[in-house]
Amino acid sequence: MGTGELDREAHVAAGTEVNGGTAAPRTLAEALRARGDEGLAALLRARPDLLVPVPGDLTQLATRAGTRASVVRALERLDRFALQTAEALAVAPDPAPYPVLLGLMAGDEGDADIEAALPRAVGILREQALAWGDDDRLRLVRTARELLAPSPQHPSPTGLGPTVAEATAGMSPTRLQEIIATAGLPTTHDPVSAVAALTDLFTDRERMGGLLDTAPMEALGILDRLVWGPPYGEVTPDPTPPVRWLRDRGLLLPATARTVVLPREAALHLRAGRAHRVPEPVAPAVTPAREYRPQVVDSTAAGQAYTALAAVEELGKEWNEGGPAVLRAGGMSVRDLKRTAVALDVTEQVAAFWLEVAYGAGLIAPDGEADERFAPTPAFDEWLGLPAAERWALLAGTWLAATRTPGLVGSQDTKGRTLAVLGPDLDRGVAPEVRRRVLTLLAGLPAGASPDPETLLARLRWERPLRGAARETGTDLRARLASWTLTEAELLGVTGRGALAAHGRALLPGAPAPGTDHPVDGHAPEHPHRGAVPAPAAAGPEAVGGRRPAHAAVADHAGAAALLAPLLPEPVDHVLLQADLTAVAPGPLQRPLADTLAVLADVESKGGATVYRFTPGSVRRALDSGQAAADLHAFLAAHSRTPVPQPLAYLIDDVARRHGHLRVGAASAYVRCDDDAVLGEILADKRSAGLRLRRLAPTVLAAQTDPATLLEGLRSMGFAPAAESAEGDVLITRADAYRTPARTAPAPVPEGPPEPDATLLGAAVRAIRAGDRAATVVRRDDSAAPDTAGDGAPPRTSAAETLATVQAAAMTGSAVWIGYVNADGAASQRVIAPVRVEGGFVTAYDHTADEVRTYPLHRITGVAELADDAG
């Protein structure tokens, strides 16, 4: 069997070999065997669960493709029209000619859109191995038929009931003869012919029309109520005359003692041959709601991107000395979420979004201590050192691929437990797919156009009609994810005013050009986005502590960062000091300036221009950090475009004059001051009673409290003490940044296996082909070898015969079929081409494994030559 024969190409849409009159496939395995490598790769790409583990041969692949779990996954990924086609095949005769299927979809009157779309739908079903066979013998795989065919327990989405033959199974022959006689048909001699006669009547449009013309109007009204389903109805022991008229003619057949059903053939006549009430061959278009100039969209999105960066920065600063505690069950408490929302000046839901984005990017994490709490990670400092556009690219790329779903925060799971932010159970595997699909649909609108949300949701429902309620009881999860995507994309600056920005489009490789709605082709629109969660990057030389550095992660979206960079405001190196003890930052400040000013002043308001206010407490905070009054004056003079106001200079000098006048140390604690009158004033103040002070010397007071409490107590009394060391030096109380140990960002949790790459697909197809060759190879029929197993069983030969056969094959360069038992005792059969036989080993090219291997001769149970036409 040559390589060219193994790699023969087939017509993928038909799924059968076109090769000089080759017989039609009799099984799904034969249909797969007739495909080319591209056809098998397309199947494995569309249904990646079939690759885990790689099937041994095509029969095993076909068996796995027909399992219930795999078929359910495949059906859930069909668009509405492909699913309607599968549902029509489930109620069609098995096998069904293509014209019959077309009649079920388009009806007696036909439909040009359906006729144009049906080949694509059938091609999808064949490509995904849900249907197989030539156009004259289309078959739905048995499991799919069982799932989609109508039954009393599981009504068909078509609303059709059982056939006449199914509904009359078990009915007495006498009753059957009464029905066909009342319907005006001649009686027959057996139930089979009676059922066939009644079926012929219901499928004959002319005769069936004549029968219904004689029906009472009330009877026609009953049929109208049942025709589109459900086809079952209850009857009393003494039915009304219209019901009796229908029952006597077989138009209503008994399902149970109190239930009747409208037979499928009769319902199809009443429906004019259509299996579905409303076939949907064309995907609904996503229509624009409003249109803006693209420049407006990009600038609006860039402004929001800057706000996103500021929010995550503010979050890190808020938790700089350690964040809130981690709940025992994981996540953050509602009270801590409210505090974080107040600190960020946003709603709790928006705060949950920023927390989840920062957590997904690896910027915050639990510290792993005994009393565990959240804190920034070392990656947060690395992220702060990146240019603004690259910092945004990391956040946006993380959000796009994350399976964690912030919109679920505050809702309840199936057990009634509230889902906490940063906690478990927030992963939804379908989230990345929905986000990418929503953004792709936005990319197909005209540049600057925002979508009509209703048409967007309608399009998503058409593309995945069975996926809406996945993992969420009674809710349309995909619709909720789509709504959250629109909101979150606006918060991140991926969109502006609801329209996709240019840098947002750059996040989507292969996005459609503006104004071209994403086409619905033979591969279905979802395929490019299935399994879009990127695999965790391998730790290369730049990896630190098992995590991927931020500068490496943003490289995935360098194009988006490059488009955003010119739109972001440039950091400024100055502020505007005002006489009311405030400073206005006319834009984002350069980092050293921003860090120093954050210590010297308090933020009063945020926005395009941040307002800082100087207070005695903020100035004292700067002096406690080691700055002198002269340093603060020089800093303000160097970075203010306006002269330093006199009130601010007086404030700094006044606080500096009193700062350190009192000295606090550990006795338990003590206070010393060169001016004993000040100490006397402290002792006389009633507010100092709680400090339990006593005079040790004219210039020293001792306290029964710790130094920190003493410091706070004296400051509350209006003094400005400074802490000192045991040597008498002033202590600098600069807050140290608290960081967790190096942490790996949480990996997305996809719903199933990710879409395989081209390398994996190629290797899998080669392995399946080789295994199939070994399983189906034809060996030479040698009656002189009585110990050789026959009819597909692994060969069994003596050691001498084995050695002689493989030596002969090595000399002639031919392939042989062997049975082999490995070191674990697992038996297999392989096709090998021996190259060398020596030392008790045979070195051969293994067609099954597609590589050269060495086998011990004592583990080969037998060998057989291949038939001449198989070589």
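Heavy atoms only: backbone and side chains are in, while hydrogens, waters and symmetry mates are out. Since this is a predicted model, take the numbers as computed values, not measurements.
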Using the test side chain to side chain contact (heavy atoms under 4.5 Å, CB included), find all partners of Thr163 that sit at least two apart in sequence or belong to another chain. Ala165, Glu166, Arg264, Glu265
All side chain to side chain contact (heavy atoms under 4.5 Å, CB included) counterparts of Pro746, not counting sequence neighbours: Tyr359
Does Tyr820 have its ring centroid less than 6.0 Å away from the ring centroid of Tyr855? yes
Listed partners of Asp111 passing salt bridge (charged side-chain N to carboxylate O under 4.0 Å, His left out), at least two apart: none
Partners meeting salt bridge (charged side-chain N to carboxylate O under 4.0 Å, His left out) with Glu115 (sequence neighbours left out): none
Using every non-hydrogen atom in the two residues, find where Val430 and Arg478 come nearest and quote the distance to one decimal. CG2-NH1, 3.7 Å
Of the non-hydrogen atoms in Leu40 and Leu32, which two are nearest, and what is the gap between them? CD2-O, 3.9 Å
Verdict with supporting geometry, Ser828 and Asn822, side-chain contact (heavy atoms from CB on, under 4.5 Å): CA-CA 8 Å; Ser828 62; Asn822 65 14; over 6 Å; no
Criterion salt bridge (charged side-chain N to carboxylate O under 4.0 Å, His left out) on Arg428 and Glu433, from CA distance to verdict: CA-CA 10 Å; Arg428 296 295 182 270; Glu433 175 195 328; over 6 Å; no
If you measure from the Lys or Arg side-chain nitrogens to the Asp or Glu carboxylate oxygens, is any gap between Arg459 and Asp79 under 4.0 Å? no
Run the side-chain contact (heavy atoms from CB on, under 4.5 Å) test on Trp817 and Val863 for me, step by step, so that the C-alpha distance in whole Å, both residues' side-chain angles and the decisive distance to 0.1 Å come before the verdict. CA-CA 6 Å; Trp817 184 32; Val863 60; over 6 Å; no
Once side-chain hydrogen bond (donor to acceptor under 3.5 Å, both in side chains) is applied, do any residues pair with Thr812, and if so which ones, sequence neighbours excluded? Ser814
For residues 137-162, pull every pair meeting salt bridge (charged side-chain N to carboxylate O under 4.0 Å, His left out), keeping only residues two or more places apart or in separate chains. Asp94-Arg139, Asp94-Arg145
